[in-house]
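Here's the structure, in structure tokens; my notes come after.
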Amino acid sequence: MFAAEEKDKDLDTQLRKALLQASFTGTVGSSIEARLGRPIDRKLADLGRLLWFDVAGGLHSDNTCGGCHAPSDGFGDTQSIAIGVQNNNKVGPHRSGPRNQRRTPTAANSAFYPKLMWNGRFSAPSGNPFNNSQGFLFPAPESNVKFPANDPIIKHLLIAQAHIPPTEMVEVAGFTGANGAADINPRLYIFDDAKPGTTVPLPDGSGFRNEPIRQAVLARLNGNASYRKLFGQIFPSVALPANGPIDFTMVGRAIAEFEFTLVFADAPVDRFARGDEKAMSSSEKKGALLFFGKAGCVSCHAVSGQSNEMFSDFNMHVAGVPQIAPSFGVGLGNVIFDGPNEDEDFGLEQLTGSAADRYKFRSSPLRNVSLQPTFFHNGAFTKLKDAMRFHLDTANESLSYNPAKAGVDKDLRYRIGPRVTALDPLLASPKNLSRDEFEDLVEFVERGLLDPKASKQNLCRLVPEKVPSGLPVMDFEGCPSSK
Ligand code: HEC
Ligand code: HEC
């Protein structure tokens, strides 16, 4: 055997051992139907796809899932910080409108996440998103009541989650709440006082609920013959002769079913783990050994047990990402940020109210991360390599963060929040990798974790030419076929 070949064999042996030790099998991608305990319902998923792209789901007909979770970017965001309602109907670099607070994470593979969102605020207390034996836990007003244990319909965390975006004023609903459906000129509405999760008062003033918004969305769907027909083909209670109403659990099931089809977890590292040693380059293999070994990544970007091989422990840590906020001014932002200068994001503290949780965010699941145009919870970096360089030596790198150099959009360059210093102990000291080692690690994260099926060439085909409401389809700038 040639020396180089021998070295490769050696590498393969080491990597196989490391993956085995981490309990990584590379089989999670093919497990979705087994985990659901049934085949995916293609018809239901296709209805979910139409809802994903039809702005009729927003009370002012100006946004829905696809406006932020874009097929051109692995069903993640085209922007550093999401732009929700009152946008210009473009999805891509030229999207404009008021910004929310965080970057939209990719919805691909989220079927396997036991905790959703950057601060994990939607979760399966069972530790398994496919198991509702303890119900699903959401912040108020849903709390632990809306999605109770062993509900016969809301069986997966994503079915529950799909109840939320349509009620978010800054994302989808707009600011007139349930009255929005009747509001003919929403763009004139004043919108400077909304926080994520803000809810509208009930008409009788008896409290705050998201339900009136859902009812308004349902009224739209029920008033649309195409939707009634499509739902009727799947749910007998909607079809004649019953002719009953479309309800929100049906919407949630359709959207979740579509998300179940967005499993892209067949990356080189998976194929290697299943025995194909040629699936990875030797640089990727060396990077993987660092990831699972001395660089210590896998302790947070975990693959065993409840992490479902998603490269996240689904726990919250202080990673000290630079805090960037939109410039002040009408139309530039519609969420009031945290902190005395309203230029911070307190992360998990928003949920728990505990200062000990300040700046804690979920370890990002890293599959297909290289499809993202920006990185971290606020898109503070636009190159994976820069983000990783920062992440490997945050204490030092954060002293010289420069948003212009990092490539963020102009409106995000002028309000930089305080530097975060109390880092997670695992990130507190530099990783000290040689230049070659760093390159290998980047190679692994960039290519070794990428499922080619998540590419825009593949996903842009999911954009429908027409949607049931007849409203214009959003303009996906990143999709080759887009206008
Ligand atoms: C305005 C942009 C926007 C729209 C529209 C939107 N989302 Fe999101 N989505 C986000 C952001 C931002 C987050 C992360 C929020 C956070 O962590 O606070 C997110 C998180 C998620 C997650 C969790 C992913 C993870 O990594 O935990 C899922 C699933 C999801 N959205 C599904 C949907 C669905 C389904 C719709 C449509 C019904 C939708 N989203 C509409 C911006 C959007
Ligand atoms: C202490 C736990 C921890 C360790 C150790 C860790 N990370 Fe992270 N990582 C995080 C957290 C938390 C985030 C999200 C931070 C944020 O957005 O505020 C993150 C984000 C990332 C991102 C950006 C992902 C995205 O969605 O934009 C990459 C890439 C990454 N980590 C790679 C690595 C690599 C490679 C290593 C090993 C050298 C590593 N991480 C070690 C916790 C950790």
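Counting convention: from 1, in listed order, for ligands and their atoms alike.
Aromatic pair F53/F476: ring centres closer than 6.0 Å. Annotation: H317 is not in aromatic contact with F361 [ring centroid separation under 6.0 Å not met]. Taking the six-membered ring for Trp, F264 and F75 have ring centres at least 6.0 Å apart. The distance between the ring centers of W118 and F376 does not fall below 6.0 angstrom. In summary, the aromatic rings of F390 and F381 are positioned with their centroids under 6.0 Å apart.
The ligand atoms of ligand 1 that sit less than 4.0 angstrom from a heavy atom of T64 are 5 (C). Those atoms of ligand 1 with a heavy atom of P105 less than 4.0 angstrom away are 11 (C), 13 (C), 14 (C), 19 (C), 20 (C), 24 (C), 25 (C), 26 (O). Set against the non-hydrogen atoms of W52, the atoms of ligand 1 under 4.0 Å away are 35 (C). Close contacts between ligand 2 and M388 involve ligand atoms 29 (C), 35 (C) [criterion: under 4.0 Å to a heavy atom]. Shown in contact with F361 at under 4.0 Å from a heavy atom are these atoms of ligand 2, numbered in order with element: 12 (C), 18 (O). In summary, the atoms of ligand 1 found under 4.0 Å from a heavy atom of W118, numbered by their order in the structure, are 14 (C), 16 (C), 17 (O). Close approach to S363 involves these atoms of ligand 2, each under 4.0 Å from a residue heavy atom: 10 (C), 11 (C), 12 (C), 42 (C). Per-residue contacts place N100 under 4.0 angstrom from the following atoms of ligand 1 (heavy atoms of the residue considered): 1 (C). Annotation for ligand 2: atoms under 4.0 Å from non-hydrogen atoms of D424 are 1 (C). The atoms of ligand 1 that sit less than 4.0 Å from any heavy atom of E259 are 29 (C), 32 (C), 35 (C). Ligand-side atoms of ligand 1 in range of Y113: 25 (C), 26 (O), 27 (O), range being under 4.0 angstrom from any heavy atom. Below 4.0 Å from some heavy atom of H377 lie the following atoms of ligand 2, by number and element: 16 (C), 17 (O), 18 (O). Annotation for ligand 1: atoms under 4.0 Å from non-hydrogen atoms of R362 are 25 (C), 26 (O), 27 (O). Shown in contact with F375 at under 4.0 Å from a heavy atom are these atoms of ligand 2, numbered in order with element: 27 (O).
Using a 4.0 Å cut-off between charged side-chain N and carboxylate O, K385 and E439 make a salt bridge. Salt-bridge annotation for D345 and K360: absent, with no side-chain N of the basic residue lying under 4.0 Å from a carboxylate O of the acidic one. Checked for salt-bridge contact, R253 and D247 miss the test: no charged N lies under 4.0 Å from a carboxylate O.
In the model, E477 has a side-chain atom that pairs as donor or acceptor with a side-chain atom of H94 under 3.5 Å. Residues R35 and N308 have side chains that bring a donor and an acceptor to within less than 3.5 angstrom of each other. When only modelled atom types and interatomic distance are considered, N334 and N100 share a side-chain donor-acceptor pair under 3.5 Å. Side-chain contact, S96 with N88: a donor N or O sits under 3.5 Å from an acceptor N or O. In the model, Y227 has a side-chain atom that pairs as donor or acceptor with a side-chain atom of D54 under 3.5 Å. With no hydrogens or angles considered, no side-chain donor-acceptor pair links R121 and Q350 at under 3.5 Å.
Under 4.0 angstrom from ligand 1, the non-hydrogen atoms of L158 all belong to its side chain. Contact annotation for L366 and ligand 2: only side-chain heavy atoms (C-beta onward) come within less than 4.0 Å of the ligand. Residue-level proximity to ligand 2 for L392 is carried by the side chain, the only part with a heavy atom below 4.0 angstrom. In A107, neither the side chain nor the backbone holds a heavy atom less than 4.0 Å from any atom of ligand 1. If you look at Q101 next to ligand 1, there are no close heavy atoms at all, none under 4.0 Å. Heavy atoms of N63 found under 4.0 angstrom from ligand 1 belong exclusively to the side chain. Residue contacts with ligand 1 for I255 involve side-chain atoms from C-beta outward but no N, CA, C or O (heavy atoms, distance under 4.0 Å).
In terms of modelled atom types and a separation under 3.5 Å, the side chain of E446 and the main chain of L384 share no donor-acceptor contact.
The side-chain hydrogen bond (donor to acceptor under 3.5 Å, both in side chains) check on D73 picks up nothing, with sequence neighbours excluded.
Considering backbone and side-chain N/O atoms, R102 comes within less than 3.5 Å of an N/O atom of ligand 1. Looking at H69 next to ligand 1, an N or O pair under 3.5 Å apart turns up. The shortest N or O to N or O distance between H391 and ligand 2 is under 3.5 Å.
Residue side and main chain included, C300 places no N/O/S atom under 2.8 Å of atom 8 (Fe) of ligand 2. Residue contact annotation: C68 places no N/O/S atom under 2.8 Å from atom 8 (Fe) of ligand 1.
Of the protein's non-hydrogen atoms, C297 SG, 1.8 Å is the one closest to atom 37 (C) of ligand 2. Among protein heavy atoms, atom 22 (C) of ligand 1 sits closest to M117 CE, 3.5 Å.
Ligand 1 lies less than 4.0 angstrom from a heavy atom belonging to R121. Ligand 2 does not have K360 within reach: every non-hydrogen atom of the residue lies 4.0 Å or more from it.
For the pair R49 and F258, the cation-pi criterion (under 6.0 Å, within 45° of the ring axis) is not fulfilled.
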